[in-house]
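Notes for the one structure printed next.
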Amino acid sequence: MAHSGSTRYDSATRQLEKAVARTASGARGAVGAVAVVAALFGAVPPVSLGWLVPMLLVHLAWTALHLRVFLRALPLPHWLVAGDVAATVALCLAQVHLVPPEALNTGSSFVSGLVTMTIVLAGAQWRPRLAVPAGLAVAVSFAAGVRIASPTHDVTGPFGVNIVQLLAIVLLMALLRRSAASADAFLRQSAQAGIALIVERLRREDELRQVSSIHETALHTLTMVGLGTYDKPSATLRAQAGADLTALEKLRDQPTADSAPIALDALLDEVAGRADGLQVRRDLTPETVPGEVAERFARAVTEALANVALHAGVREAELVCGRRDGAIRVEVADHGRGFDQHRLPPDRFGVRGSILDTMRSLPNGGAAITSGDRGTRVSLWWRP
């Protein structure tokens, strides 16, 4: 199931952020490896090996973590970026012990390249409220470290370049997130429209069945009476007339279009058939529910199946629908990777918005998710 809670409807933003951050992490790992080599070759007096070696070991460990994230296509953890910022700030302030004066004067120190990558990485991983302070801290510490190491060196130029880099990555990510958010909204609306079309088609089919039933029962009975088939009171005629009257009253009391009854099992069968890249085993007991309830079930099941396809690491799922303890219950289960829903960030829409909140907003409706090493089960219910 979705470790992040994202799905096909709101995954554009999350997938974009993860892809950019992972790419930046890979670049940070490559630059970090080059920086280690450059620092060792540049370790000439007055560089202190007592300062340089421990710091390079910490930096090398952090570089290895970045390369692991990139090579294994893992999500970039926030703590890794925070540690990177802290390590870079420490390197900046200790430049007097780590960088020879010649490298400071030419702006070719190994610390300079790390400063750029740290600013870019923070901007790619974090929103502006965190990225800007972190980038400013790195830029200021770099300028302060250069001034400490070389009091006569002009730090205005490098500081300005770092600020421009910070603003550029923050603005770029803001534009990319806005574009992805627009795509998310479009996909969510398209999915809801698709479900609404299925519901409307099933509703029309139900209406046609009812009209056909009226034609085959009440009209047939009236025709027989008109033709004189029944010339005296008949128990058969009374029973048929009673059944016909019940059918007519049901048609008269037909709810409005928004709440007209829908065959939930037929709707869920179509939803399962539309799950991309997923084989869904179905056990659907025929149930009829109001149209609004059917749509909520369909939206939540669509989201749950999309999460399986995107995140569970399996290509099979199970969809069950039936009545138990007086409630209509629908379950989506898989045997893939589980997740901890209590650790989901608040901006993840998929699990909370499209599954839990969708069902809990229904009177007498609800949803629950259980997940672990053996897979994930999404339970949805509504009590008539």
Side-chain angles (χ1 to χ4, degrees), residues 1-2 7-10 187-213 250-251 253-310 316-334 350-351 353-369 376-384:
M1 287 297 295
T7 67
R8 75 179 75 183
Y9 308 131
D10 68 329
L187 290 174
R188 283 195 295 271
Q189 293 172 1
S190 298
Q192 293 176 8
I195 292 173
L197 287 174
I198 298 174
V199 169
E200 184 61 26
R201 179 175 61 76
L202 293 173
R203 182 181 293 130
R204 294 299 182 191
E205 291 177 356
D206 184 68
E207 291 176 355
L208 289 175
R209 283 194 297 269
Q210 292 190 40
V211 171
S212 176
S213 174
K250 180 179 179 182
L251 183 62
D253 297 335
Q254 179 72 32
T256 60
D258 289 340
S259 60
I262 293 295
L264 180 61
D265 54 303
L267 177 59
L268 296 183
D269 186 62
E270 290 213 24
V271 167
R274 294 185 174 205
D276 296 332
L278 199 63
Q279 181 179 354
V280 183
R281 299 189 302 275
R282 305 160 211 179
D283 182 7
L284 306 175
T285 302
E287 294 288 350
T288 300
V289 298
E292 180 184 7
V293 175
E295 289 192 42
R296 301 294 180 88
F297 271 116
R299 285 165 54 187
V301 168
T302 301
E303 184 79 15
L305 292 176
N307 282 353
V308 176
L310 288 172
E316 292 184 352
E318 183 180 1
L319 174 61
V320 178
C321 171
R323 187 181 291 263
R324 189 169 69 250
D325 299 330
I328 294 176
R329 297 181 178 271
V330 175
E331 292 187 345
V332 178
D334 69 78
V351 169
S354 293
I355 298 179
L356 300 179
D357 292 347
T358 292
M359 294 303 300
R360 290 172 181 173
S361 63
L362 273 176
N364 302 321
I369 299 176
T376 301
R377 182 175 298 273
V378 177
S379 301
L380 317 170
W381 62 86
W382 175 74
R383 192 176 297 277

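Count residues from 1 along the sequence.
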Value rounded to 0.5 Å, distance of [atom1] in [X] from [atom2] in [Y]:
{"X": "Ser361", "Y": "Arg296", "atom1": "OG", "atom2": "CZ", "value": "3.5 Å"}
{"X": "Asp269", "Y": "Leu284", "atom1": "CG", "atom2": "CG", "value": "6.0 Å"}
{"X": "Ile328", "Y": "Leu264", "atom1": "CD1", "atom2": "CG", "value": "6.5 Å"}
{"X": "Trp381", "Y": "Arg324", "atom1": "CH2", "atom2": "CZ", "value": "10.5 Å"}
{"X": "Glu287", "Y": "Arg329", "atom1": "CD", "atom2": "CZ", "value": "12.5 Å"}
{"X": "Leu305", "Y": "Leu278", "atom1": "CG", "atom2": "CG", "value": "6.0 Å"}

Inset, instruction - Heavy atoms only: give me the nearest Ala298-Leu267 pair and the separation to one decimal. - result: CB-CD2, 3.8 Å
Legend entry - Pro384 versus Ala327, closest heavy-atom pair with distance: CD-CA, 4.4 Å
Legend entry - Min side-chain heavy-atom separation Val301-Val330 under 4.5 Å: yes
Legend entry - Partners passing salt bridge (charged side-chain N to carboxylate O under 4.0 Å, His left out) against Arg383 (at least two apart in sequence or in another chain): none
Legend entry - Partner residues of Asp283 under the salt bridge (charged side-chain N to carboxylate O under 4.0 Å, His left out) criterion, sequence neighbours left out: none
Legend entry - Residue list, side-chain hydrogen bond (donor to acceptor under 3.5 Å, both in side chains) with Arg281, at least two apart or on another chain: Glu316
Inset, instruction - Taking side-chain hydrogen bond (donor to acceptor under 3.5 Å, both in side chains) as the test, write out the residues that go with Arg360, two or more places apart. - result: none
Inset, instruction - Would you sort out whether Leu268 and Cys321 count as a side chain to side chain contact (heavy atoms under 4.5 Å, CB included), showing the intermediate values? - result: CA-CA 8 Å; Leu268 296 183; Cys321 171; 4.0 Å; yes
Legend entry - side-chain contact (heavy atoms from CB on, under 4.5 Å) against Ala367, all qualifying residues, sequence neighbours excluded: Leu356, Met359, Leu380
Legend entry - Pro363 backbone acceptor or donor facing Trp382 side chain under 3.5 Å: yes
